[in-house]
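Every value quoted in this text rests on a predicted model; they were computed, and no experiment measured them. Quick note on labels: first sequence line is chain A, next is B, and so on, each numbered from 1.
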Amino acid sequence: MPSNAEAAEIFRNIADLLDVLGERFKPEAYRRAARSIETLAEDLGAVAARNELGSIPGVGEAIGEKIREYLATGTVHYYERLKREVPPGVVELLRLPGLGPKTARRFWVELGIEGPAELATAIEAGRLTGVKGFGEKKIDQIRLALAAARAAPRSGHDRAAIESVYPVAERIVQALRAVPGTERAEAAGSFRRCRESVGDLDILVTSTAPEKVFDAFTALPDVREVRVRGPTKETVVLASGLQVDLRVVEPAAFGAALQYFTGSKDHNVHLRSIARARGLKVNEYGVFRDDERVAGRTEEEVYGALGLAWIPPELREDLGEIELAARGPLPPLVAQEDLVAEFHVHLPPTASPSDIDRLVAEARSRRLSFLGVVVGEVDADGHARSLPPSTVRRLGAAAVEGLTVARAIETGLGPRPEPFGRLAADYRILRPTRSEPAAFAPPTDRPEPLVIAHLGAEGTAPETVRRWIDLARRASASVEVGPGPERLDSTWARIARESGVRLALPSGLGLPPEDPTVAIALGFARRAGAGASAILQKRSLSARSRSGT
DNA sequence: GCCGTTTTCGGCCCGACTGTTTTCAGTCG
């Protein structure tokens with residue numbers, strides 16, 4: 001079964017092999033294609049069927065042909081040939097930190113070393129001593145890297161889920177903001193772009209006393225190792241294994257540095273080619289014409305100097321956003337202040353009328369205009385439970401000026417469960433079940449589903465998710481987006497949005513202020529290119545009731 | 001191998017840091 005992920009993996013492996021073979025530009029070309037394919041919101045097969053492989057950034061004639069070969073046969077001849085040319089162990093050498101293609105190639109060609117085990121033996125036998133370019137420190141470094149790789153064979157390439165990085169980023173940024181001399185401190189990189197997973201955490205600081213910032217950074221409680229420390233950057237590894245890069249720049253360069261360290265790589269490369277075309281140079285210190293800095297203090301300035309509108313970080317993947325920004329300001333993406341409706345709140349079965357009062361009070365203080373509370377649900381075993389009748393009654397009378405209060409039931413597909421027969425509900429939250437593949441038709445019973453939740457539940461096949469999104473479209477329902485295994489990530493959110501399905505985002509009601517769920521859900525929706533109109537709102541509901549029943 | 005307000009050929013982002021070098025190569029992001 002061909003998959004985008006496997007195709008990307010093949011092209012990445014081809015890049016590594018070409019690297020070891022000493023190719024100059026092809027490896028990056030294959031990696032670029034791999035990155036594009038990975039973030040594609042659609043199956044390669046579907047794109048190929050429309051004859052549109054060439055529209056994928058970084059995919060041209062040659063790679064397009066290899067994709068078609070892969071889709072048809074499951075393999076790529078070119079890849080198989082390269083694998084026969086290079087011993088597998090030589091590619092493994094590339095995984096060692098500090099050891100790149102040039103060195104791996106030298107080991108292989110000059111010393112006949114064909115893998116990590118042979119390299120270790122060679123070092124212990126003193127075969128590297130006296131070889132040009134290998135001093136004592138370098139050899140020690142390699143020995144340590146080999147030992148680390150033996151102890152944890154697959155570490156170093158793991159990416160952390162963004163929700164787990166949030167508290168870490170928050171803590172570090174706060175700590176650095178507290179350092180005397182710090183003017184600004186921000187997390188950048190894929191974290192700021194709100195990617196689902198984060199490889200390294202990038203932190204950017206402007207300060208009048210950089211040394212103090214580096215000292216505070218090194219002294220953070222969970223720093224396990226300092227990997228690099230220079231006058232403008234430092235890299236540490238936390239106890240969790242997360243690598244954190246810190247850069248300190250002068251305030252006049254903050255915008256340029258933030259832009260640069262937010263990436264993505266492809267986005268930045270594209271920006272620079274535009275700069276060159278205009279006789280400009282972009283780096284992390286600013287936009288320069290000859291030696292004169294023409295922009296740098298803010299990101300808006302940097303984009304402006306290149307003739308572009310500012311681009312939200314979540315869109316910076318070089319997937320067409322730059323071309324859009326060249327034509328004028330981008331349409332606004334959904335923002336925190338658009339999240340004025342909460343459609344999916346659970347209360348414990350023991351909830352009392354006064355719990356309702358508290359919930360309503362919180363909804364008002366958050367300026368929500370809609371509050372939907374689950375009053376009855378069917379759990380995974382088919383057992384139904386509902387809130388006490390007195391609580392439900394209180395809910396019915398809870399609406400206040402400016403706040404609509406609604407009752408929801410949450411069920412799987414199929415006939416409405418009997419226990420809810422007399423329970424008045426305003427809408428239904430549908431929870432997909434994997435065991436109902438034949439039932440992909442819009443339910444006709446009332447109330448109709450408004451939200452499809454828990455869709456990303458672990459183990460759900462992509463094809464099934466696709467069918468649920470299609471069901472949502474036909475039923476005019478929305479799908480939940482956000483972090484965690486039970487909501488959809490930004491790639492799926494984009495697929496949903498592009499097929500006209502609204503996205504349901506949490507409002508944060510009932511969550512502590514430091515909980516990142518809302519920020520991440522918002523980030524995913526923004527990555528999907530969603531504006532406020534793509535989000536399920538109170539008015540989406542009123543529009544439905546007017547046109548329906 | 002890709003790509004084009006610099007190009008259909010000839011480029012391919014740019015700088016920091018480390019180690020090994022007396023001026024640079026390799027790696028990394």
To the nearest Å, how far apart are [X] [atom1] and [N] [atom2]?
X      : N      : atom1 : atom2 : result
A/N268 : B/dC12 : CG    : P     : 17 Å
A/I139 : B/dT21 : CD1   : P     : 10 Å
A/N283 : B/dA16 : CG    : C1'   : 12 Å
A/I56  : B/dC3  : CD1   : P     : 11 Å
A/I14  : B/dC2  : CD1   : P     : 11 Å
A/E23  : B/dG1  : CD    : C1'   : 9 Å
A/R24  : B/dG10 : CZ    : P     : 17 Å
A/K26  : B/dC3  : NZ    : P     : 15 Å

Hey, could you give me each pair passing side chain to side chain donor-acceptor pair (under 3.5 Å) that has a residue in [range]? Not counting sequence neighbours.
range                       : answer
residues 41-65 of chain A   : A/E42-A/R50, A/R50-A/E52, A/E65-A/R68
residues 123-132 of chain A : A/E124-A/R143
residues 17-26 of chain A   : A/D19-A/R31

The side chain of [X] lies closest to which of these nucleotides: [options]?
X      : options                : value
A/A29  : B/dG15, B/dC13, B/dC2  : B/dC2
A/K137 : B/dG15, B/dT20, B/dC17 : B/dT20
A/F25  : B/dG1, B/dG19, B/dC14  : B/dG1

Regarding [X], tell me which of base, sugar-phosphate or nothing describes its non-hydrogen contacts under 4.0 Å with the strands shown.
X      : value
A/R276 : base
A/E28  : nothing
A/E136 : sugar-phosphate

Suppose you measure atom [atom1] in [N] against the same atom in [M]; what distance do you get, rounded to whole Å?
N      : M      : atom1 : value
B/dT20 : B/dG15 : P     : 26 Å
B/dT8  : B/dC13 : C1'   : 23 Å
B/dC12 : B/dT7  : C1'   : 12 Å
B/dG19 : B/dT23 : C1'   : 13 Å
B/dT27 : B/dT21 : C1'   : 16 Å

Which sits closer to the 5' end of DNA chain B, A/G133 or A/E61, going by the nucleotide each is nearest to?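 In this pair, the answer is A/E61.
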Classify every nucleotide of nucleotides 24-29 of chain B by which part a protein heavy atom approaches to under 4.0 Å, writing B for the base, S for the sugar-phosphate alone and - for neither, in 5'-to-3' order. --SSSB
Donor-acceptor under 3.5 Å (A/E80 side chain, A/T75 main chain):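 Side chain of A/E80 to backbone of A/T75, a donor-acceptor pair under 3.5 Å: no, none is there.
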Nucleotide forming a Watson-Crick or wobble pair with B/dT8, both distances under 3.5 Å: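 B/dT8 is unpaired by these criteria.
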Below 3.5 Å, can you tabulate the donor-acceptor pairs from side chains in residues 321-332 of chain A to any protein atom, sequence neighbours excluded?
from, atom 1, to, atom 2, distance (Å)
A/E321, OE1, A/D318, N, 3.3
A/E321, OE1, A/L319, N, 2.7
A/E321, OE2, A/H267, ND1, 2.8
A/E321, OE2, A/E317, N, 3.0
A/E321, OE2, A/D318, N, 2.5

Please work out which of the three classes, parallel, tilted or perpendicular, describes the rings of A/Y30 and A/Y78, given edges at 30° and 60°.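 The arrangement is parallel - the two ring planes meet at less than 30°.
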Show me the side-chain donor-acceptor pairs of residues 238-246 of chain A shorter than 3.5 Å, one per line, residues at least two apart or across chains.
from, atom 1, to, atom 2, distance (Å)
A/S240, OG, A/L242, N, 3.4
A/Q243, OE1, A/R227, NH1, 3.2
A/Q243, NE2, A/D245, OD1, 3.4
A/D245, OD1, A/T235, OG1, 2.9

Phosphate contact (B/dG4 OP1 or OP2) by A/S273 side-chain N/O below 4.0 Å: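 Checking A/S273 against B/dG4: no side-chain N or O falls below 4.0 Å of OP1 or OP2.
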A/K83, NZ atom: more than 12 neighbouring heavy atoms under 6.0 Å: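 Yes, NZ of A/K83 has more than 12 neighbouring heavy atoms, counting only those of other groups under 6.0 Å.
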